[in-house]
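Shown next, in structure tokens, is the structure this report addresses.
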Amino acid sequence: MTRTVFVDGVLNDRVAFVTGGGTGITGGVARALAESGAAVALVSRKIEHLEPAAAAINEKGGKAFAVAADVRHFDEVERAVTATIERFGKIDIVINGAAGNFLCKAEELSSNGFGTVVDIDLKGTFNVCRATIDELKKNRGQVLNISATLHYLGTPMQLHVSAAKAGVDALTRNLAVEWGRYGIRVNAIAPGPIEDTEGMSRLVPEPIKERLKKGIPLGRFGRIADIESAAVFLCSDAASFINGNVLVVDGGQWLAGNRLV
Ligand code: HXC
């Protein structure tokens with residue numbers, strides 16, 4: 001567990017609002033923040049994903065609660081923000097991890113299919129940032145967006161996700177500039193191929209996996225723990241002058257010219 005390199009309680013007294021925090025990469029990030037001392041609100045559409053994740057954190061002595069909200073709907077996000085403040089008193093870390101994805105050729109993608117993913121990934125990220133700005137200002141807080149590397153190259157069957165994540169990167173840089181004056185840091189992590197995630201098992205066809213692995217300069221797939229460590233670092237005071245960055249955590253995969261899909 002690479003996260004043991006951090007001092008115990010490095011995020012003590014912080015409160016994190018984590019969208020997509022029930023499962024996958026962002027589920028790991030939520031767990032890691034909690035193990036580092038933060039109280040975490042796990043937010044997504046499906047309460048059935050969130051409750052077991054919150055229970056697992058609480059059983060290990062952490063502080064977590066589950067609150068259902070679809071990030072596409074601003075009023076639902078606002079209600080989740082209010083519930084988090086009622087429960088934990090404040091919000092000073094926002095993790096935008098809620099994401100939609102499916103494989104589809106651009107020529108077959110419907111307008112609604114394109115819009116659905118953009119609404120979840122990009123508009124959802126905006127909605128959460130917008131709904132938490134007062135808290136972030138008050139607490140000199142920070143935002144960490146979960147992006148991707150898909151849009152650095154043309155990635156077939158991922159036009160919708162690539163467009164959405166390119167927007168997330170733009171939002172990251174823009175808010176870093178606009179909100180830096182409030183002491184708010186806005187950064188992103190762009191994970192490469194991470195094993196044991198729904199994204200990898202559902203989206204990357206089996207025959208492509210071995211070829212993909214061979215093309216990764218570090219010779220292995222990423223692990224959820226790799227993203228957890230990057231997130232704990234960026235949320236900690238060790239990163240207090242890092243603002244507007246998209247930290248690529250992919251073993252050098254995209255630089256080697258390898259497409260994920
Ligand atoms: C083509 C599809 C489709 C598919 C949905 N649509 N799935 N089009 N191929 N496989 C279209 C629908 O036809 C519809 O358009 C529109 O999208 C909305 O679909 P709904 O099912 O009504 O929407 P909703 O219930 O809101 O679900 C949206 C969803 C979501 C995006 C499909 O269920 C989802 O993504 N679930 C998976 C979540 C997930 O895996 N997240 C982790 C992502 S990993 P029409 O025109 O018919 O109305 C990641 C990392 C990237 O992002 C790394 C990649 C390797």
Side-chain angles (χ1 to χ4, degrees), residues 18-30 42-50 53 68-73 76-77 95-125 127 144-169 171-172 188-213 215-216 221-224 226-228 230-231 246-251 253-254 258-261:
V18 187
T19 75
T23 55
I25 289 175
T26 324
V29 168
L42 308 182
V43 186
S44 81
R45 258 197 307 176
K46 295 188 178 152
I47 195 77
E48 64 270 25
H49 285 165
L50 300 174
D70 186 330
V71 295
R72 289 174 283 192
H73 304 305
E76 291 187 29
V77 174
I95 310 284
N96 284 301
N101 203 337
F102 51 81
L103 295 178
C104 187
K105 290 181 185 169
E107 70 208 53
E108 291 167 8
L109 185 63
S110 72
S111 174
N112 191 36
F114 182 89
T116 296
V117 170
V118 170
D119 278 354
I120 298 170
D121 293 27
L122 177 55
K123 186 174 160 195
T125 296
N127 282 345
L144 180 60
N145 298 322
I146 306 300
S147 187
T149 61
L150 298 165
H151 51 293
Y152 299 173
L153 300 169
T155 303
M157 297 198 279
Q158 290 283 274
L159 170 74
H160 42 319
V161 184
S162 300
K165 295 299 193 183
V168 168
D169 289 358
L171 182 147
T172 300
I189 291 175
I194 306 297
E195 62 188 1
D196 302 330
T197 57
E198 187 184 336
M200 275 288 280
S201 59
R202 197 168 48 83
L203 302 170
V204 182
E206 212 48 54
I208 291 178
K209 278 193 185 140
E210 262 323 290
R211 184 162 54 78
L212 183 60
K213 185 148 89 179
I216 299 172
F221 287 127
R223 304 177 187 113
I224 290 179
D226 293 316
I227 309 303
E228 294 173 10
V246 180
L247 179 61
V248 177
V249 183
D250 75 339
Q253 187 256 346
W254 90 267
N258 299 307
R259 284 169 180 77
L260 263 180
V261 177

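Order of appearance sets the numbers: ligands from 1, and atoms from 1 within every ligand.
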Establish, from distance only, whether the side-chain atoms of Thr149 and Asp250 form a donor-acceptor pair under 3.5 Å. no

So, 4.0 Å and heavy atoms of Arg72: is ligand 1 close enough to count as a contact? yes

Under 4.0 Å from ligand 1, counting heavy atoms only, is it the side chain of Lys105, its backbone, both or neither? neither

Closer than 4.0 Å and a protein heavy atom, does any atom meet both conditions relative to atom 41 (N) of ligand 1? yes

Atom 23 (O) of ligand 1: of Leu203, Thr155, Thr116, Thr149, the nearest heavy atom sits on Thr116

With sequence neighbours excluded, give me every salt bridge (charged side-chain N to carboxylate O under 4.0 Å, His left out) pair touching residues 197-209. Glu198-Arg202, Glu206-Lys209

With a 4.0 Å cut-off on N to O distance, would you call Lys165 and Asp121 a salt bridge? yes

Among all protein non-hydrogen atoms, which one is nearest to atom 48 (O) of ligand 1, and what is the separation to 0.1 Å? Asn112 ND2, 2.8 Å

Protein contact to atom 55 (C) of ligand 1 [nearest heavy atom, distance to 0.1 Å]: Leu260 CD1, 3.9 Å

Min side-chain heavy-atom separation Ile25-Pro191 under 4.5 Å: yes

I want to check something: taking the side chain as every heavy atom from C-beta on, are Val43 and Leu50 in contact at a cut-off of under 4.5 Å? no

As an exercise, identify every atom of ligand 1 less than 4.0 angstrom from a heavy atom of Arg45. 24 (P), 25 (O), 26 (O), 27 (O), 30 (C), 33 (O)

Which segment of Cys104 sits under 4.0 Å of ligand 1 when only heavy atoms are counted: side chain

Shortest non-hydrogen separation from Ala30 to Val18 and the atoms involved: CB-CG1, 4.1 Å

Could you check atom 38 (C) of ligand 1 against the protein and tell me its nearest heavy-atom contact, residue, atom and distance included? Ala99 O, 3.6 Å

Establish whether atom 19 (O) of ligand 1 and some protein heavy atom are separated by less than 4.0 angstrom. no

Give the residue and atom name of whichever protein heavy atom lies nearest to atom 43 (C) of ligand 1, and the separation in Å to one decimal. Asn101 CB, 3.6 Å

Indicate whether atom 29 (C) of ligand 1 is within a distance of less than 4.0 angstrom of some protein heavy atom. no

Quick one, Leu212 and Phe221 - any side-chain contact, counting heavy atoms below 4.5 Å? yes

Considering only heavy atoms from C-beta outward, does the side chain of Asn127 approach that of Lys123 to under 4.5 Å? yes

Got the closest protein heavy atom to atom 46 (O) of ligand 1, with its distance? Ser110 OG, 2.5 Å

Protein heavy-atom partner closest to atom 39 (C) of ligand 1 - residue, atom, separation in Å: Arg202 NH2, 3.5 Å

Suppose we measure from atom 8 (N) of ligand 1 to each protein heavy atom; which comes out shortest, and what is that distance? Phe102 CE1, 3.4 Å

Pairing residues for His49 by the ring pair (Phe, Tyr, Trp, His ring centres under 6.0 Å) criterion, not counting sequence neighbours: none

Can an N or O of Gly199 be found at a distance shorter than 3.5 Å from an N or O of ligand 1? no

At less than 4.0 angstrom from any non-hydrogen atom of Glu198, what atoms of ligand 1 do you find? 40 (O)

Evaluation steps, side chain to side chain donor-acceptor pair (under 3.5 Å), between Asn145 and Thr125: CA-CA 8 Å; Asn145 298 322; Thr125 296; 4.8 Å; no

Could any protein non-hydrogen atom be found less than 4.0 Å from atom 36 (N) of ligand 1? no

Side chain to side chain, Thr116 and Phe102, heavy atoms closer than 4.5 Å: no

Strictly less than 4.0 Å: does any protein heavy-atom distance to atom 10 (N) of ligand 1 fall in that range? yes

Starting from atom 17 (O) of ligand 1, what is the nearest protein heavy atom, named by residue and atom, and what distance separates them? Gly113 CA, 3.2 Å

Does Arg72 reach the side chain of Arg45, with side-chain heavy atoms less than 4.5 Å apart? yes

